[in-house]
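Note that ligands are numbered from 1 as they come in the structure, with each ligand's atoms numbered from 1 the same way.
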Amino acid sequence: MRFVPITLKHSAAKVDRRSAVRSMLLIFAAVVIAVTGMVFTALDRVGHYANQLDEERSRESVSGALLTFQRQLAATLHDYAAWDDAADNVYRLSGLGWARRNFGAMTEKNELFDVAIIVDHAGRVVFGYAEGQPVTERFEDYITPDVRSLLEQTRAAGEGLLPEATSFTRTARGTAAFGVGLIRMKSGARVAPPDEGRYVIFMRHLTGPTIERLASAYVLPGLRIEEPQEHRSHRVDILSPSGRAIGALSWEPRSPGNVSLAQVRPLVWCAVAMVAIYFVLLFVSGSQALARLAADEEAAIKLSLTDRLSGLPNRTGLFSDLSELVADAQKSRRDVALLYLDLDGFKEVNDAYGHATGDELIRAVSAGLSALVGEKAVLARLGGDEFAIGFLSRTAEADAAQLAERVMEFLGAPLSMGDRIAVVGCSIGIACSPLGTVPGEEVLRRADMAMYRAKEEGRGRWSAYSPAMDAEREERNRLEVDLRQAIERQEISVAFQPVVEAQHMRLSGVEALARWTRPGHGPVRPDVFIPIAESTGLIDQLGLCVLRTACEALRDWPELTLAVNISPGQFRDPAFAERVAEVFEQTEMDPARVTLEMTETYFIQNPARARDTLGRLKKTGVNIALDDFGAGFSSVGYLRQFGFDRMKIDRSLVAAADLGGRAVDMLQATVALARSLDIPVTAEGVETDAQAVALRIAGCDQLQGFLFGKPVPIAEIARLRGLEEPLFRLSGSA
Ligand code: C2E
Ligand code: CA
Ligand code: CA
């Protein structure tokens, strides 16, 4: 036999969880990145703003420095140009010596001006000095077009206007502030007509030391003079009188924003790292908790699908495994086979040895079956003593039958449970789902039904499902509905079979037997409807109904005894004894005339409870008979053990007596044994003279059977009791 492995899929939930964890991780990462980005953008803005502020302040300082530089020169120029001594000397040839000393020589190492040139109104140089040295040629190096334009402006300054002007220019020695002023009296009065005026030109170059001084005075690090063609960003242009940039002062920006940023950045990175670490830790612990939860959930699911006692899947577990088998079968075009097992002798073991041993038995059977079916089939315990085996196969029916044989062989052999050994045996139902066309639950139902059939057919066998079983089940269900109705409508009648005393063969009593004529179907045999009543719980009502009817019928015939059958199922009602007593009371029946007949099955199954119920029943004064003795496992031991008042020998034993020999010996021994215990014996199913004779000789004090009369309506019994002669006369007797 080839089983096919089953793959269980519990991974879908796991995949879901993993993707949830992944997206959580992504969200965490995105949050950290976004926060980091925002923090750094904000810092950048702050830094940029600080830089810009510093830039503006520096620009203002540089502009201010240039303006002050120019104004200083303007003040100096004014002092020298509007000076009475100068006005007196500069216009005279003889005064030029004075002028050279006071203007020219002053250009040496002077903080205020480093070039001084005297020109006439036409711009012709009278003399010129630079850095204390006379300038002899190349005056154009100093008298630049810018200078000429201011000279022109000054010369043109009309009455009342200051004949002085300052600006910047580029000379051969570099960029310089310069000024042009008419030499005049301090009062402003001119000493010569306008076209004979003389002018002083002062220049102050922006030399290295000068710029250094400015830099330190205005706190401008890296301040330097730039060529006009250079283009640095941090600069203030120096403009000529015409507004042309002739150079610039540039400086090293301090960028305080960058400096602060540089200081803050490591701290921020630290903070970001800490947040990131926090998130990572949170994530790790979170996913650990998640994993633990998932594991718990998985364990809980597994537990809910597992049978505690055997460790096998339970009914729910089987359902889920079965639906996977069915799905697999559809995919791989195979069949699902299912075996439904019920142990035959489990109840007996449980009752005889107790639950602990019963559990032991279940474990032993589970372990044995596991080993038998192997890994590749699903083995489940459905509760109680029921198991199921499911597997995939291409030849399901044949494989299932073969497996059923092996299981029965295994369970037919003695099993050891601790220090005990028992043979339990089992009944098996088989159902298949060809190519997975029958759903799992339906396959299970079918296998269950087939198992019941196997039980009905006598246990210890297997049976395969057939659709006819469904039809029978349906018919049974309809029968049940009708029976229920019949009981409710009191349509169950009672027939009475005569019982004669063996001595004279006269009517001594009757056995009440239930009768049911099913509307539309005719009479239904008790063998059919009594088991249905038993399995559906209707037997309680039915049994009491028969008892009541029979008691009512027999009340006025005190010379007749009454036997009524009781099913084991009726013992389940804890108030059964009280109900029986109630019937006797209500029908005014003397309990001593009544014998309740019961079979031994209940006494085997529940000896303790049986003894209890029997005790309470006997207190009502009723007699108890052991029915069908010889048909099952009955032993004379029960008679004594439970205190039966009478024994009824089963028809099968009576019929066997016809054959003579050993059977007769056994019959005689059984009756003798009962009599030795002072227990009277009734023989039932007596059909022939020979049987009657043999039974009387054996010691039976009552006989019952078709030989004396079939079960009949009560009216017929009324007629029989009126008869003078015996119901039966043995041929040859008087
Ligand atoms: P049982 O208690 O063994 O009843 C005797 C059965 O044997 C009756 O069958 C009766 O008709 C049949 N019988 C009697 N004499 C002869 C004979 O000489 N030859 C043959 N072949 N049969 C004979 P019945 O009435 O069909 O009842 C069958 C069984 O149904 C009873 O077996 C009893 O177990 C059960 N039953 C009947 N009525 C009731 C009831 O009211 N309550 C319960 N619990 N069971 C009942
Ligand atoms: Ca009976
Ligand atoms: Ca019987």
Side-chain angles (χ1 to χ4, degrees), residues 483 486-487 490-500 509-517 522-554 561-573 576 579-580 583 594-602 623-632 634 644-658 681-692 694-695 700 702-714 716-717 727-728:
L483 178 64
I487 292 171
Q490 302 194 318
E491 287 168 6
I492 303 294
S493 61
V494 180
F496 297 88
Q497 185 175 30
V499 175
V500 301
V510 291
E511 177 176 0
L513 293 160
R515 291 290 178 265
W516 176 37
T517 303
V524 182
R525 286 176 33 196
D527 299 339
V528 174
F529 73 81
I530 293 293
I532 293 177
E534 283 173 344
S535 66
T536 54
L538 290 169
I539 193 69
D540 293 324
Q541 244 180 304
L542 189 146
L544 287 175
C545 172
V546 170
L547 179 67
R548 183 185 308 273
T549 310
C551 285
E552 276 166 0
L554 268 280
T561 59
L562 169 65
V564 177
N565 295 288
I566 297 298
S567 283
Q570 291 175 265
F571 274 47
R572 280 196 292 261
D573 178 2
F576 177 59
R579 290 189 208 287
V580 170
V583 171
V594 183
T595 303
L596 300 181
E597 299 184 354
M598 46 196 79
T599 55
E600 87 283 326
T601 40
Y602 187 72
N623 304 292
I624 311 287
L626 180 61
D627 205 354
D628 295 350
F629 189 92
S634 6
F644 284 106
D645 302 300
R646 178 171 285 278
M647 174 170 104
K648 275 188 105 166
I649 297 179
D650 190 59
R651 197 169 72 227
S652 56
L653 215 62
V654 171
D658 269 346
V681 180
T682 304
E684 66 179 345
V686 184
E687 293 182 353
T688 64
D689 288 24
Q691 286 169 348
L695 291 161
C700 296
Q702 285 185 351
L703 301 176
Q704 180 185 349
F706 293 170
L707 185 64
F708 314 103
K710 293 195 168 185
V712 289
I714 190 66
E716 179 62 11
I717 297 296
L727 286 190
F728 176 73

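Coordination check, Asp628 versus the Ca ion (ligand 2): failed, since every N/O/S atom of the residue sits at 3.0 Å or beyond. Because the distance cut-off is set at 3.0 Å, Glu511 qualifies as a neighbour of the Ca ion (ligand 2) through one of its N, O or S atoms.
Under 4.0 angstrom from ligand 1, the non-hydrogen atoms of Pro711 all belong to its side chain.
Minimum heavy-atom separation, Cys551 to Val583: SG-CG1, 4.4 Å. What you find for Glu597 and Ala563 is that their closest heavy atoms are OE2-CB, 3.3 Å. Between Val580 and Leu596, the closest heavy-atom pair is CG1-CD1, 4.5 Å. Heavy atoms only, all atoms of each residue included: Ala514 and Pro526 are closest at O-CG, 3.6 Å. Contact between Gln497 and Gln704 at its shortest, heavy atoms only, is OE1-NE2, 2.7 Å. Of all heavy-atom pairs between Val546 and Ala512, the closest is CG1-CB, 4.2 Å.
Within ligand 1, the atoms closer than 4.0 Å to a non-hydrogen atom of Asp627 are 2 (O), numbered from 1 in the order shown. Near Pro526, meaning under 4.0 Å from any of its heavy atoms, are these atoms of ligand 1: 24 (P), 25 (O), 26 (O), 27 (O), 28 (C), 30 (O), 37 (C). Within the listing of ligand 1, atoms 2 (O), 4 (O) sit less than 4.0 angstrom from a heavy atom of Glu511. The atoms of ligand 1 that sit less than 4.0 Å from any heavy atom of Arg515 are 25 (O). Distances below 4.0 Å separate heavy atoms of Val546 from the following atoms of ligand 1: 41 (O). Taking every non-hydrogen atom of Asp628 and a distance limit under 4.0 Å, the qualifying atoms of ligand 1 come out as 3 (O). Per-residue contacts place Asp527 under 4.0 angstrom from the following atoms of ligand 1 (heavy atoms of the residue considered): 28 (C), 29 (C). Counting the atoms of ligand 1 from 1 in the order shown, those under 4.0 Å from a heavy atom of Glu684 are 3 (O), 5 (C).
The shell of residues lying under 4.0 angstrom from ligand 1, judged by heavy atoms, includes Gln497. Ligand 1 does not have Gly543 within reach: every non-hydrogen atom of the residue lies 4.0 Å or more from it.
The heavy atom nearest to atom 45 (N) of ligand 1, out of those in Leu596, Leu542, Asn565, Val686, is found in Asn565. Relative to atom 38 (N) of ligand 1, the option among Pro531, Ala514, Pro498 with the closest non-hydrogen atom is Ala514. Of the candidates Leu703, Ile530, Val654, Val564, Ile530 brings a heavy atom nearest to atom 35 (C) of ligand 1.
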task = Could you give me the CA-CA distance, side-chain angles and deciding distance for Asp573 and Arg579, then say whether side-chain contact (heavy atoms from CB on, under 4.5 Å) is met?
result = CA-CA 9 Å; Asp573 178 2; Arg579 290 189 208 287; 2.6 Å; yes

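Considering backbone and side-chain atoms together, Gln704 places no N or O closer than 3.5 Å to any N or O of ligand 1. Some N or O of Glu687 is nearer than 3.5 Å to an N or O of ligand 1, by distance alone. For a threshold of 3.5 Å applied to N or O pairs, the pair formed by Ile539 and ligand 1 contains no separation below that value. In terms of N/O distances under 3.5 Å, ligand 1 is not approached by Leu513. Residue Arg651 has at least one nitrogen or oxygen atom sitting less than 3.5 Å from a nitrogen or oxygen atom of ligand 1, judged on distance alone.
Asp627 contributes atom OD2 as its closest N/O/S atom to the Ca ion (ligand 2). When the N, O or S atoms of Glu597 are ranked by distance to the Ca ion (ligand 2), OE1 comes first.
Annotation: the span from Asp540 atom CG to Phe576 atom CZ amounts to 8.5 Å, rounded to 0.5 Å. Within the model, atoms CG of Leu542 and CD1 of Ile532 stand 11.5 Å from one another, a figure rounded to the nearest 0.5 Å. Within the model, atoms CZ of Phe644 and CG of Asp627 stand 10.0 Å from one another, a figure rounded to the nearest 0.5 Å.
A donor-acceptor contact shorter than 3.5 Å is absent between the side chain of Glu491 and the backbone of Trp516. Formation of a donor-acceptor pair under 3.5 Å by the Gln570 side chain with backbone atoms of Ser567 is found in this model. Although no hydrogens or angles enter the test, the distance criterion places no donor-acceptor pair under 3.5 Å between the side chain of Asp645 and the main chain of Ala625.
The number of heavy atoms from other shown groups lying within 6.0 Å of CZ (Arg515) is above 12.
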